[in-house]
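The block underneath contains the structure these notes are about, expressed in structure tokens.
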Amino acid sequence: MTKRIVVTGTDTGIGKTVFSAGLAGLLDGFYWKPVQSGLNEETDSEVVARLSGLPDGRVLPEVYRLTMPLSPHRSAEIDGVAIEADDLSFPVLPTPLVIEGAGGLMVPLNRQTRFIDIFEQWRLPVILCARTALGTINHTLLSIEALRARSIPLIGIAFIGEEVADTQRTIVEFGCVPQLGRLPHLGPLTGETLRDAMISGFDLAMIAGGD
């Protein structure tokens, strides 16, 4: 089984935190978001703790907690914090670990380093979360090319939103990438509805099949 999985997205606000919560719960693992930007509302780690069903202690603390809901590099500058790439070494745990990035691959952590640079160092398998809405083909195919240019292993695409069959097929065919499943917008969004949607919508064997 894959012990460590990075969850990233084609953009911000696409639902990758909800997907990460569902995935960490299904794997009965740990969750870690190393950099959190924005503290005025419920943080991503708090969302995962609420929705995943994981026991206490399975949502690991962030390395950097930044005040403003901005790109980490800018939020850190406002807070007077220097994000150091060397501080972002992933923990080694006895059960699966889901690691969530912030925004997309090219989001800067500081003026020299982007998330994709960290992912390239880690060499961990990645799940790319993508919208099904208009514009996703361009964003998703560019993200796939960026990962492959760095030889970062890509498990597949997790689509989020209502089914748009041709769009999903187009991305899978042009990107030569597996479709792992699709997470619809859930109402109400609870731990129970999320778990049911993950079980019915995703092939866990595809996700957890490699190391």
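Computed from a prediction, not measured in an experiment: that's the story for all the values here. Computation of the quantities below employed the complete heavy-atom set of this structure, encompassing side-chain atoms and omitting hydrogens, waters and symmetry-equivalent molecules.
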Side chain Asp196, main chain Thr193, donor-acceptor under 3.5 Å: no
Does the side chain of Ile99 come within less than 4.5 Å of Lys33's, by heavy atoms? no
Is the backbone of Ile137 close enough, under 3.5 Å, to the side chain of Thr140 for a donor and an acceptor to pair up by distance? no
Ionic contact status for Glu77 with Arg74, cut-off 4.0 Å: yes
Find the distance between CG (Leu109) and CG (Leu88) and round it off to the nearest 0.5 Å. 6.5 Å
Should Ile5 and Leu124 be marked as a side chain to side chain contact (heavy atoms under 4.5 Å, CB included) after you check the CA-CA gap, both sets of side-chain angles, and the distance that decides it? CA-CA 6 Å; Ile5 297 173; Leu124 297 179; over 6 Å; no
Salt bridge (charged side-chain N to carboxylate O under 4.0 Å, His left out): which pairs involve residues 155-167, sequence neighbours left out? none
State, yes or no, whether a side-chain contact exists between Pro69 and Ser37 at a heavy-atom distance under 4.5 Å. no
Identify the heavy atoms of Val177 and Ile171 that sit nearest to each other, and give their distance. CG1-O, 4.1 Å
Let me check something: do Val164 and Leu180 share a hydrophobic cluster, defined by ILVMFWY side-chain heavy atoms less than 4.5 Å apart, either directly or through other members? no
Is it possible for you to say whether Val107 and Leu70 belong to one hydrophobic cluster, with membership spreading through side-chain heavy-atom contacts below 4.5 Å? no
Search all heavy atoms of Val92 against all heavy atoms of Arg4 and return the closest pair with its distance. CG1-NH1, 4.4 Å
Salt bridge present between Glu62 and Arg65 (N-O < 4.0 angstrom): yes
Flag the pair Phe30 / Thr95 as yes when at least one side-chain heavy-atom distance between them is below 4.5 Å, and no otherwise. yes
How long is the span from the CG atom in Leu147 to the CG atom in Leu142, to the nearest 0.5 Å? 11.0 Å
Closer than 3.5 angstrom, by distance alone: can the side chain of Asp79 be matched with the main-chain N or O of Thr67 as a donor-acceptor pair? yes
Going from CD1 on Ile78 to NE2 on His73, what distance comes out if it is rounded to the nearest 0.5 angstrom? 9.0 Å
Which pair of heavy atoms, one from Phe115 and one from Pro72, lies closest together, and at what distance? CE1-CG, 4.2 Å
Side-chain contact, heavy-atom cut-off 4.5 Å: Tyr31 with Ser45? yes
Short N-O contact, Arg169 and Glu173, less than 4.0 angstrom: yes
Look only at the side chain of Ser143 and the backbone of His139, and say whether a donor-acceptor pair between them is shorter than 3.5 Å. yes
Spatial distance of atom CD1 (Ile83) from atom CG (Asn110) [nearest 0.5 Å]: 6.5 Å
May I ask you to test the Leu128-Ile144 pair for a side-chain heavy-atom distance under 4.5 Å? yes
Least distance between heavy atoms, Met206 atom then Ile155 atom: O-CG2, 3.8 Å
Before giving the answer on side chain to side chain contact (heavy atoms under 4.5 Å, CB included), spell out for Trp32 and Leu97 the whole-Å C-alpha distance, their side-chain angles and the decisive distance to 0.1 Å. CA-CA 7 Å; Trp32 183 47; Leu97 171 65; 3.9 Å; yes
I'd like to know if the side chain of Thr17 pairs up with that of Glu100 as donor and acceptor (distance under 3.5 Å, no hydrogens or angles considered). yes
Minimal heavy-atom distance between Thr136 and Ala130, with the atoms involved, is OG1-CB, 3.9 Å
Verify the cluster assignment for Ile14 and Val48: are they in a single hydrophobic cluster under the rule of side-chain heavy atoms below 4.5 Å apart? no
Under the ring pair (Phe, Tyr, Trp, His ring centres under 6.0 Å) definition, can you give me all pairs with a residue in residues 159-208, not counting sequence neighbours? Phe19-Phe202
In the structure I gave you, are the side-chain heavy atoms of Leu183 and Met198 within less than 4.5 Å of one another anywhere? yes
In the structure I gave you, are the side-chain heavy atoms of Leu60 and Pro91 within less than 4.5 Å of one another anywhere? yes
Out of curiosity, Phe119 CZ to Thr8 OG1, how far, rounded to the nearest 0.5 Å? 4.5 Å
Between Asp11 and Arg131, does a side chain to side chain contact (heavy atoms under 4.5 Å, CB included) hold up when you go through it step by step? CA-CA 9 Å; Asp11 201 350; Arg131 289 187 179 96; 3.5 Å; yes
Rounded to the nearest 0.5 Å, what separates atom CG in Leu141 from atom OG1 in Thr10? 10.5 Å
Under 3.5 Å, is there a donor-acceptor pair between the side chain of Tyr64 and the main chain of Val81? no
Pairs involving residues 79-108, ordered by first then second residue, that meet ring pair (Phe, Tyr, Trp, His ring centres under 6.0 Å) (sequence neighbours left out): Phe90-Trp122
Could you tell me whether Arg58 and Asp28 make a salt bridge, using a distance below 4.0 angstrom between a side-chain N and a carboxylate O? yes
Are Val35 and Met68 linked, directly or through intermediate hydrophobic residues, by side-chain heavy-atom contacts shorter than 4.5 Å (ILVMFWY only)? no
Can you check whether Leu51's main-chain N or O pairs, donor with acceptor, with Arg195's side chain at less than 3.5 Å? no
Of all heavy-atom pairs between Gly25 and Leu54, which one has the smallest distance, and what is that distance? CA-CD2, 4.1 Å
Do Ile152 and Ile116 touch side chain to side chain, with heavy atoms closer than 4.5 Å? yes
Using atom types as modelled and distance alone, determine if a side-chain donor or acceptor of Gln36 lies under 3.5 Å from a backbone N or O of Gly38. yes
